[in-house]
Amino acid sequence: MSWKRNYFASGGGAVGGVQGLVNPRTMTSIAPSKGPEHEPGQNSCFLNSALQVLWHLDIFRRSFRQLTTHKCMEDSCIFCALKSIFAQFQFSSERVLPSDALRSALAKTFQDEQRFQLGIMDDAAECFENLLMRIHFHISAESREDICTAKHCIPHQKFAMTLFEQCVCNSCGATSDPLPFIQMVHYISTTSLCNQAVRMLECREKPTPDMFGELLRNASNMGDLRNCPSNCGEVLRIRRVLMNSPEIVSIGLVWDSDHSDLAEDVIHSLGTCLRLGDLFYRVTEERARQAELYLVGMVCYYGKHYSTFFFQTKIHFHSDAFSFCVCVFTPNPPPPPLPSPSSIPTSPPLLSPAAPPDWP
Ligand SMILES: [Zn+2]
Ligand SMILES: [Zn+2]
Ligand SMILES: [Zn+2]
């Protein structure tokens with residue numbers, strides 16, 4: 001998969017041997033790292049990662065700051081716990097901030113489902129999705145999750161992809177009933193991603209950056225075959241149509257096995273620019289069709305630990321042992337790369353390395 005060079009710097013000798021991705025600029029001089037506490041045994045890194053994604057997204061942070069009223073659930077209130085930790089991120093002089101209140105509110109909220117319980121590791125992408133849905137619950141209690149139109153609901157206004165899927169038979173013309181749904185994270189299998197990347201490169205002379213959206217679309221359709229709705233014998237691919245224009249798009253990468261050897265191929269398949277119009281079979285809104293989104297952050301899983309990386313300059317990849325779980329795209333392109341610094345940490349950091357230089 002040779003189009004990696006179009007997207008990512010290849011690493012360079014100065015930082016050889018460093019595992020993971022690092023952000024040179026913030027690592028060295030500009031902003032002190034601040035992050036949620038991570039004690040062994042707490043297994044809170046899945047939550048901390050989701051939290052860091054929300055914090056580092058300007059669009060979310062600014063809108064969330066403006067929210068005041070909510071349906072409070074007291075000691076299981078995720079809204080209050082988030083408000084509190086965001087205030088600490090902004091004002092505290094401590095580098096390590098306790099996220100216990102949020103962890104405990106999350107555990108209480110999901111007690112009946114036995115998910116996100118104290119001391120137990122869980123999935124960062126699902127946690128991220130569920131945090132968004134809980135914020136929706138706290139601020140738009142009257143609206144249902146699948147039809148929320150509340151103007152102040154950040155999850156639905158900024159993150160949600162409103163879709164419908166349908167099968168159309170080219171042979172007999174039959175169409176299935178459109179199935180509408182909303183998703184906060186667009187999941188894609190890493191196996192499909194890699195297979196599709198190879199297939200696309202086989203029939204093209206040269207890879208181009210705008211292939212990334214198409215690659216994701218093809219990968220997400222792969223294997224998702226249905227019988228013709230009128231059973232004419234055709235096997236059809238499902239068509240997904242995007243009906244809104246989300247500002248933030250999160251791509252969740254699903255690893256088919258714990259011991260996948262695809263990490264390096266996945267890295268090489270990822271692009272930093274995503275045209276929303278390419279991601280689905282059809283995109284109805286003109287604004288969405290024109291939207292170009294840029295990779296701003298990732299949640300990675302390595303050595304039974306989640307880390308979050310947000311970038312202001314560029315991301316280096318040096319390890320084939322990382323699993324990327326969530327890639328977040330927003331309309332703001334990262335600033336141009338700066339020269340590499342001389343000193344870079346040599347182990348996967350427990351704290352997220354990234355923090356914007358100032359908090360707008
Ligand atoms: Zn509350
Ligand atoms: Zn909502
Ligand atoms: Zn048919």
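Numbering of ligands and ligand atoms starts at 1, following listing order.
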Engineer: Give a yes/no answer: is there an N/O/S atom of Cys77 under 2.8 Å from the Zn ion (ligand 1)?
Structural biologist: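 Here the distance criterion (N, O or S atom, under 2.8 Å) is met by Cys77, so yes.
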Engineer: With distance as the sole test, does Ser99 use its side chain to make a donor-acceptor pair with the main-chain N or O of Leu47 at under 3.5 Å?
Structural biologist: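 It does not hold such a pair.
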Engineer: Quick one: OH on Tyr187 to OG on Ser220, what's the gap to the nearest 0.5 Å?
Structural biologist: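 Output value for this atom pair is 14.0 Å.
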Engineer: Check this for me, if you would: do Asp278 and Arg275 make a salt bridge, where the nitrogen-to-carboxylate-oxygen distance has to be below 4.0 angstrom?
Structural biologist: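 Judged by the 4.0 Å cut-off on N to carboxylate O distance, Asp278 and Arg275 do form a salt bridge.
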Engineer: To the nearest 10 degrees, could you say what angle the Zn ion (ligand 2) makes with ND1 of His156 and SG of Cys153?
Structural biologist: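 Computed angle, vertex at the Zn ion (ligand 2), rounded to 10 degrees: 110°.
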Engineer: Is it the case that the side chain of Glu234 and the backbone of Cys228 share a donor-acceptor pair, with hydrogens and angles ignored and the cut-off at 3.5 Å?
Structural biologist: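 Absent.
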Engineer: I'd like the atom name of the N/O/S atom in His136 lying closest to the Zn ion (ligand 2).
Structural biologist: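 For His136, the N, O or S atom at the smallest distance from the Zn ion (ligand 2) is ND1.
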Engineer: Whether Arg199 and Glu202 form a salt bridge (side-chain N of Lys/Arg under 4.0 Å from carboxylate O of Asp/Glu) is what I want to check.
Structural biologist: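 Salt bridge absent between Glu202 and Arg199.
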Engineer: Validate the cation-pi geometry between Arg61 and Phe64: distance from NZ or CZ to the six-membered ring centre under 6.0 Å, angle to the ring axis within 45°.
Structural biologist: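 So Arg61 doesn't make the cation-pi contact.
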Engineer: How many protein N, O or S atoms are found at a distance of less than 2.8 Å from the Zn ion (ligand 3)?
Structural biologist: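 For the Zn ion (ligand 3), the figure is 4.
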Engineer: On the 0 to 90° scale, with breaks at 30° and 60°, tag the Phe116-Phe46 ring pair as parallel, tilted or perpendicular.
Structural biologist: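 Plane angle under 30°, so parallel.
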Engineer: Give a yes or no on whether the backbone of Phe89 and the side-chain of Ser92 come within a donor-acceptor separation of less than 3.5 Å.
Structural biologist: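 Checked: no pair found.
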Engineer: Using the Zn ion (ligand 1) as the apex, give the angle to atoms SG (Cys72) and NE2 (His70), rounded to 10 degrees.
Structural biologist: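 Approximately 110° at the metal, rounded to tens of degrees.
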